[in-house]
Amino acid sequence: NIYILVLFRIVMKVKAKGNRNIILIGAIAVILILTVLIVYFIGNKPSEQEQALSRCLNMTGSNEKNLCFAVDNKSASYCDVISEQTMKDECYTSVGEVSGDEEICKMINRMSQMYSCYNRVAMAKQHPEVCAVIIDQYYRANCYTYVAVKSKNITVCDGLTNNYYKNSCYDSVRSIQ
């Protein structure tokens, strides 16, 4: 409003001086209006944190909201209050992956989901030593293979002791090179 009042006063003073000055004033007015609009829209854009909060709050169920908050905040404490066990385990897996904390995987009840958690953490961090804690040979081989392929590092396969799985790992890495 103050910009319009100032612009109006300038136009009234310049009106007597001729059309050339009116064109100049018009150009200044357009620049002022564009500046005000740009400042308004940039200043009113929600932050990434506000957008994430809004996204989580708009989810329908409380379990889904807690999973969303857990991942966004990289905090397993939100997973603790999820009532449905499968979703709780998936929550721990997702938080382990985004936080890079394999200790969270120990909170998972189902072994296959726990192994999946270790696998996702190992891939996210590209640290094959995370795979070593997996007891089941098949899941451990998958973990090493996924890390080897993602990192394009064939020497990761050397962490496998079973020759069949080791050769399969080598083949997988070679197929992407």
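Values below: all heavy atoms of this structure, side chains included; hydrogens, waters and symmetry mates excluded. For reference, positions follow the sequence shown, starting with 1.
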Between Asn162 and Tyr138, do the side chains contain an N or O donor and an N or O acceptor separated by less than 3.5 Å?
-> no
When clusters are formed by joining ILVMFWY residues with side-chain heavy atoms under 4.5 Å apart, either directly or through shared neighbours, do Val133 and Val95 land in the same one?
-> yes
CA sep, side-chain torsions, deciding dist, call: Ser168, Thr145, side-chain contact (heavy atoms from CB on, under 4.5 Å) = CA-CA 8 Å; Ser168 178; Thr145 302; 5.6 Å; no
Any side-chain heavy-atom pair from Ser83 and Asn63 closer than 4.5 angstrom?
-> yes
Ser77 versus Ser75, closest heavy-atom pair with distance = OG-OG, 2.8 Å
Asp89/Gln85 under side-chain contact (heavy atoms from CB on, under 4.5 Å): CA gap, chis, key distance, verdict | CA-CA 6 Å; Asp89 288 347; Gln85 190 61 49; 2.9 Å; yes
Rounded to the nearest 0.5 Å, what's the gap from CD on Glu97 to OG on Ser116? Could you check?
-> 8.5 Å
Tell me, do Val156 and Ser151 make a side-chain contact under 4.5 Å, heavy atoms counted?
-> yes
How about Thr93 and Tyr115: do any of their side-chain heavy atoms sit closer than 4.5 Å?
-> no
Shared hydrophobic cluster, Val149 / Leu160 (ILVMFWY, side-chain heavy atoms < 4.5 Å) | no
Cluster overlap Tyr165 with Ile176, hydrophobic side-chain contacts below 4.5 Å | no
In the single-linkage hydrophobic clustering (I, L, V, M, F, W, Y; side-chain heavy atoms under 4.5 Å), do Tyr78 and Met107 co-cluster?
-> no
Looking at CE of Met114 and SG of Cys105, how far apart are the two atoms once the value is rounded to the nearest 0.5 Å?
-> 8.0 Å
Start with the C-alpha gap between Asp80 and Tyr92, add the side-chain angles, then the distance that decides, and say whether side-chain contact (heavy atoms from CB on, under 4.5 Å) holds.
-> CA-CA 9 Å; Asp80 297 338; Tyr92 289 134; 2.5 Å; yes
Given the rule that I, L, V, M, F, W and Y join up when any side-chain heavy atoms are under 4.5 Å apart, are Met87 and Met111 in one cluster?
-> no
Looking at CE of Met59 and CD of Glu64, how far apart are the two atoms once the value is rounded to the nearest 0.5 Å?
-> 7.5 Å
Any pair counted as salt bridge (Lys or Arg N to Asp or Glu O under 4.0 Å), so long as it reaches residues 164-177, sequence neighbours left out = Asp171-Arg174
What is the distance from atom SG of Cys169 to atom CG of Asp158, rounded to the nearest 0.5 Å?
-> 8.5 Å
Any side-chain heavy-atom pair from Tyr118 and Lys106 closer than 4.5 angstrom?
-> yes
CG of Asn167 to OG of Ser172, rounded to nearest 0.5 Å, is 10.5 Å
Side-chain donor-acceptor pair under 3.5 Å between Ser94 and Glu90, yes or no?
-> yes
Smallest separation among heavy atoms of Cys56 and Asp72, with atom names = SG-OD2, 3.2 Å
Drop me the distance from Glu103's CD to Cys117's SG, to the nearest 0.5 angstrom.
-> 10.5 Å
Donor-acceptor pairs are to be reported for all side-chain atoms of residues 121-132 against protein atoms at under 3.5 Å, with residues two or more places apart or in another chain.
residue: Lys125; atom: NZ; partner: Gly100; partner atom: O; Å: 3.2
residue: Lys125; atom: NZ; partner: Glu102; partner atom: OE1; Å: 3.1

Quick one: do Val173 and Cys157 satisfy side-chain contact (heavy atoms from CB on, under 4.5 Å)? Show the steps, please.
-> CA-CA 9 Å; Val173 177; Cys157 302; 4.0 Å; yes
Any luck finding a side-chain donor-acceptor pair between Asn109 and Gln113 under 3.5 Å?
-> no
Between the side chains of Asn119 and Tyr144, does any donor sit under 3.5 Å from an acceptor?
-> no
Does NZ belonging to Lys65 count more than 12 external heavy atoms closer than 6.0 Å?
-> yes
